[in-house]
Peer 1: 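Have a look at this one before I ask anything.
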Amino acid sequence: MRAAARPDLAAVWRRTWALAQEYGQDPAEVLAVERLSRLSGVEPARVPQVVAGTAVEVPLERRVHQRFLRLRATRRDKHGREWPLAAIADDFDAPGASLGPLNAGTGLPRMGHAAGVQRFFGVHAGFLLADSKSAVERALALSATGAPDGRDDLERLSYLTGMTPQAIRLTLDGKPPRLPLKEQVHLRFEHLRRTRVREDGQPHSLAAVARSFDASGQSLTRLARGEGLPNLAAAAGIQRFYGVESGFLLADDSEALSGALALIEGQLESAVRDRENPMLAVLRAHDVRSIVTRAGRLSPQGWKSLADHLDDLLAREGQLGVPGTKGGAPTEGAPAEGETP
């Protein structure tokens with residue numbers, strides 16, 4: 001998801017805390033830092049900083065290295081020991097030495113290796129790639145909702161997942177198709193180019209996509225032809241360019257569909273709450289709480305300046321005569337002109 005489109009994590013935290021209380025769960029357990037860290041891969045000490053928006057983002061290579069070490073530390077074998085590199089790599093038919101640079105933090109794994117590591121540890125397909133805010137955002141969502149089991153419009157699910165409607169039907173029926181990783185990534189990339197187009201309706205050029213992460217258009221040519229996999233940095237750049245989740249290209253069909261349904265479930269729950277209390281919808285849509293909180297620190301003169309500025313904005317939008325504004329009769333509870341709330 002593009003940074004500008006992401007929700008305020010502090011607000012998500014507060015809503016999740018309230019939801020936990022509503023469902024009779026202990027919010028402190030639901031939102032425990034160690035639990036969110038395990039779900040997201042973000043170091044426990046960084047979780048509060050990420051939620052508060054004060055964390056500095058970690059470079060991709062270091063982030064992937066740290067997430068891999070976190071997986072080994074928190075997902076141990078039955079004897080409580082860290083899994084050997086050889087055992088992890090053997091699960092996807094690779095030599096243990098191929099994970100040496102990842103374990104040492106001296107290089108990024110190949111895309112197929114990243115997919116294999118995530119599959120071995122049973123984490124979502126974007127675990128190694130997700131930036132901190134996206135990772136914590138996902139962990140909060142998992143804390144707030146259970147596993148979805150409903151169905152929804154196939155075209156919408158197709159848009160969200162990059163899967164064909166036929167593949168969605170099979171997956172919902174418990175028979176997900178198993179595509180080779182190269183073919184899956186190619187199809188998901190083509191889906192992004194086809195469904196996330198420029199304002200003129202044309203697909204973004206390979207050069208424009210590659211430029212967003214300081215590469216050349218030629219570096220994506222083989223991917224566009226279905227002849228090869230991008231490296232991990234290119235995959236992260238593609239997903240960031242199109243504003244999709246960090247595991248979009250790597251997620252298998254079941255996981256991709258589960259994530260889409262969870263997103264829809266959350267939206268529906270939010271819509272239900274908005275219908276029950278329309279004021280919540282207004283507050284959420286316009287971030288009124290944030291505005292009021294900041295305005296509360298103003299002096300009386302500051303309030304007057306704010307009121308004058310609002311009148312200017314209303315006049316520009318032709319709303320100055322609306323009740324509750326300076327040009328109309330005050331609504332109930334609205335302060336009279338010149339009066340400090």
Side-chain angles (χ1 to χ4, degrees), residues 1-58 63-64 66-76 118 121-150 245-247 251 255 258-274 276-277 279-281 283-285 287-294:
M1 185 183 293
R2 293 185 187 277
R6 288 178 184 158
D8 176 358
L9 286 187
V12 175
W13 180 287
R14 291 191 294 272
R15 289 200 298 272
T16 304
W17 187 281
L19 274 175
Q21 290 180 317
E22 183 181 334
Y23 295 148
Q25 300 180 46
D26 181 357
E29 289 185 8
V30 172
L31 292 171
V33 167
E34 283 294 339
R35 180 180 186 224
L36 292 176
S37 174
R38 179 182 171 85
L39 288 169
S40 66
V42 176
E43 289 297 314
R46 281 176 53 84
V47 169
Q49 298 170 17
V50 174
V51 171
T54 59
V56 178
E57 191 51 63
V58 177
R63 184 167 77 229
V64 172
Q66 289 177 341
R67 299 274 171 84
F68 179 64
L69 295 185
R70 185 106 189 113
L71 283 175
R72 296 189 71 200
T74 59
R75 275 83 166 171
R76 296 172 178 259
Q118 291 168 156
F121 285 108
V123 293
H124 70 93
F127 188 93
L128 292 175
L129 281 175
D131 61 61
S132 295
K133 187 167 185 180
S134 176
V136 173
E137 187 179 309
R138 182 185 176 96
L140 286 170
L142 289 174
S143 296
T145 62
D149 57 3
E245 196 177 61
S246 55
E255 184 179 0
S258 175
L261 287 170
L263 173 64
I264 292 169
E265 180 186 40
Q267 291 170 341
L268 290 174
E269 287 182 348
S270 181
V272 169
R273 289 195 296 272
D274 289 347
E276 292 173 348
N277 188 345
M279 184 57 70
L280 283 178
L283 292 174
R284 188 176 296 114
D287 197 17
V288 174
R289 286 191 182 93
S290 173
I291 295 171
V292 172
T293 299
R294 286 177 286 164

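Numbers for residues simply follow the sequence, beginning at 1.
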Peer 1: Quick one: pull up CZ in R46 and OG in S40 and give me the separation to the nearest 0.5 Å.
Peer 2: 10.0 Å
Peer 1: Extract all donor-acceptor atom pairs below 3.5 Å that involve side chains of residues 66-74 and protein atoms in other chains or at least two apart in sequence.
Peer 2:
| unit_1 | atom_1 | unit_2 | atom_2 | d |
| --- | --- | --- | --- | --- |
| R67 | NE | G41 | O | 3.3 |
| R67 | NH1 | F127 | O | 2.8 |
| R67 | NH1 | A130 | O | 2.8 |
| R67 | NH2 | A130 | O | 3.0 |
| R70 | NE | S37 | OG | 2.9 |
| R70 | NH2 | E34 | OE1 | 3.4 |
| R70 | NH2 | S37 | OG | 2.9 |
| R72 | NE | W83 | O | 3.2 |
| R72 | NH1 | N103 | OD1 | 2.9 |
| R72 | NH2 | W83 | O | 2.7 |
| T74 | OG1 | R70 | O | 2.7 |

Peer 1: Could you check if a side-chain atom of V50 sits within less than 4.5 angstrom of a side-chain atom of L9, using non-hydrogen atoms only?
Peer 2: yes
Peer 1: Would you say the side-chain atoms of Q118 pair up with the backbone N or O of A125, donor to acceptor, closer than 3.5 Å?
Peer 2: yes
Peer 1: Once rounded to the nearest 0.5 Å, what's the spacing between atom CZ of F121 and atom CG of L128?
Peer 2: 9.5 Å
Peer 1: Taking only residues two or more places apart in sequence or in another chain, which ones pass salt bridge (charged side-chain N to carboxylate O under 4.0 Å, His left out) with R63?
Peer 2: E57
Peer 1: Say whether, by atom type as modelled, one donor and one acceptor occur between the side chain of Q21 and the main chain of D26 under 3.5 angstrom.
Peer 2: no
Peer 1: Under the salt bridge (charged side-chain N to carboxylate O under 4.0 Å, His left out) test, which residues partner E29, sequence neighbours left out?
Peer 2: none
Peer 1: What pair of heavy atoms forms the shortest contact from T16 to V30, and how long is it?
Peer 2: CG2-CG1, 4.4 Å
